[in-house]
Amino acid sequence: QRNKSRKWKAHAIKITSKVQEWVKKGAVNCYHILLMLEAETAVLNGDKELAKQKYDAAITASARVGFIHDRALANERAGEYMFHLGDKYLAFHYLNVAIQLYSRWGAKAKAEHLLSKHKILLNEDHTPVINKTIERRWSLLASKEKSANIDEELHPRRRSFMKRRLTMIKRYE
C-alpha cells in the first residue's frame with residue numbers, strides 16, 4: 001500500500017515537472033493544467049489555503065483559454081475538496097458551476113452523475129438556505145455596495161471572492 005502511494009506520488013511529481021517545462025517554453029494552453037496539478041499536490045500535502053488558491057487560479061486560467069471541460073473539472077475537484085472539508089457553501093458553489101459547465105459542454109451524463117452523487121448537498125433541505133445566502137450576496141453586488149459594506153457583511157474567507165466579482169461588474173459597466 002505504501003509503496004503504491006509513493007509510486008503514484010513520484011509519478012505525479014514527474015508529470016508536474018514535465019508540464020512546468022511546457023509552460024516555461026510558452027505553452028499557455030497547459031498553464032491551467034499545471035495549476036490543477038499544484039492544487040491536487042497542495043491537497044495531498046494538507047495545505048488547504050494553497051489548494052483553494054490554486055483551484056481558483058486554475059478555474060480562471062482555463063476560462064481565459066476557453067477550455068470549458070477543464071474549467072468544469074477544476075470546479076468539480078474544488079467542490080469535492082470543499083465538501084470533504086465541510087464547507088457546504090463553497091462546495092455547493094463549485095459543484096453547481098461544474099454541473100452547469102459539464103452540461104454546456106455536452107457531458108450530460110457527467111452532470112447527472114454529479115447531481116446524483118451530491119444530491120444531499122444540491123437538492124435537500126439546506127439548499128434553500130444556501131440559495132438565499134447566494135441571492136443576498138449577489139444582490140449586494142448588483143446594488144453596487146462599496147467594498148467597506150461588503151467587508152462588514154461577509155465572512156473573511158468569502159470577502160476576496162466578492163471583491164473580485166464587484167471589480168468585474170464595475171469593469172463591464
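All values reported here derive from a predicted model rather than from experimental measurement.
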Does one hydrophobic cluster hold both [X] and [Y], with members joined at side-chain heavy-atom distances below 4.5 Å?
{"X": "Leu101", "Y": "Val65", "result": "no"}
{"X": "Ile15", "Y": "Ile33", "result": "yes"}
{"X": "Leu85", "Y": "Val43", "result": "yes"}

| message | Is the ring pair Trp105/His69 parallel, tilted or perpendicular, if the boundaries are 30 and 60 degrees? | response |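 Taking His69 first and then Trp105, their aromatic rings lie parallel (interplane angle under 30°).
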| said: With side-chain contact (heavy atoms from CB on, under 4.5 Å) as the criterion, how do Leu114 and Glu80 come out once you've worked through the C-alpha distance, each side chain's angles and the decisive distance to 0.1 Å? | reply: CA-CA 10 Å; Leu114 281 178; Glu80 296 279 352; 4.0 Å; yes
Nearest atoms (heavy-atom pairs only) where [X] meets [Y]:
{"X": "Ala63", "Y": "Arg71", "answer": "CB-CD, 3.7 Å"}
{"X": "Ser103", "Y": "Ala111", "answer": "OG-CB, 3.4 Å"}
{"X": "Ile59", "Y": "Ala74", "answer": "CG1-CB, 3.6 Å"}
{"X": "Cys30", "Y": "Val19", "answer": "O-CG1, 3.8 Å"}
{"X": "Gly79", "Y": "Leu95", "answer": "CA-CG, 3.9 Å"}

| Step by step, would you call Lys48 with Tyr81 a side-chain contact (heavy atoms from CB on, under 4.5 Å)? | CA-CA 9 Å; Lys48 298 172 189 174; Tyr81 183 57; 3.2 Å; yes
| Is there a side-chain contact (heavy atoms from CB on, under 4.5 Å) between Leu90 and Lys52 once you walk through the steps? | CA-CA 10 Å; Leu90 284 177; Lys52 185 182 176 325; 3.7 Å; yes
Approximate separation, where rounding is to 0.5 Å, of [X] [atom1] and [Y] [atom2]:
{"X": "Asn75", "Y": "Asp56", "atom1": "CG", "atom2": "CG", "result": "8.5 Å"}
{"X": "Asn45", "Y": "Lys9", "atom1": "CG", "atom2": "NZ", "result": "7.0 Å"}
{"X": "Thr16", "Y": "Lys18", "atom1": "OG1", "atom2": "NZ", "result": "11.5 Å"}
{"X": "His118", "Y": "Ile99", "atom1": "NE2", "atom2": "CD1", "result": "8.0 Å"}
{"X": "Lys24", "Y": "Glu21", "atom1": "NZ", "atom2": "CD", "result": "7.5 Å"}

| field | Pairs involving residues 18-42, ordered by first then second residue, that meet ring pair (Phe, Tyr, Trp, His ring centres under 6.0 Å) (sequence neighbours left out) | value |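 Those involving residues 18-42 are His32-Phe67.
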| task | Using the side-chain contact (heavy atoms from CB on, under 4.5 Å) rule, pick out the option among Glu76, His113, Lys108 that qualifies with Tyr102. | result |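 Answer after filtering Glu76, His113, Lys108: Glu76.
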| message | Would Val23 and Gln20 count as a side-chain contact (heavy atoms from CB on, under 4.5 Å) here? Give the steps. | response | CA-CA 5 Å; Val23 169; Gln20 280 175 337; 5.7 Å; no
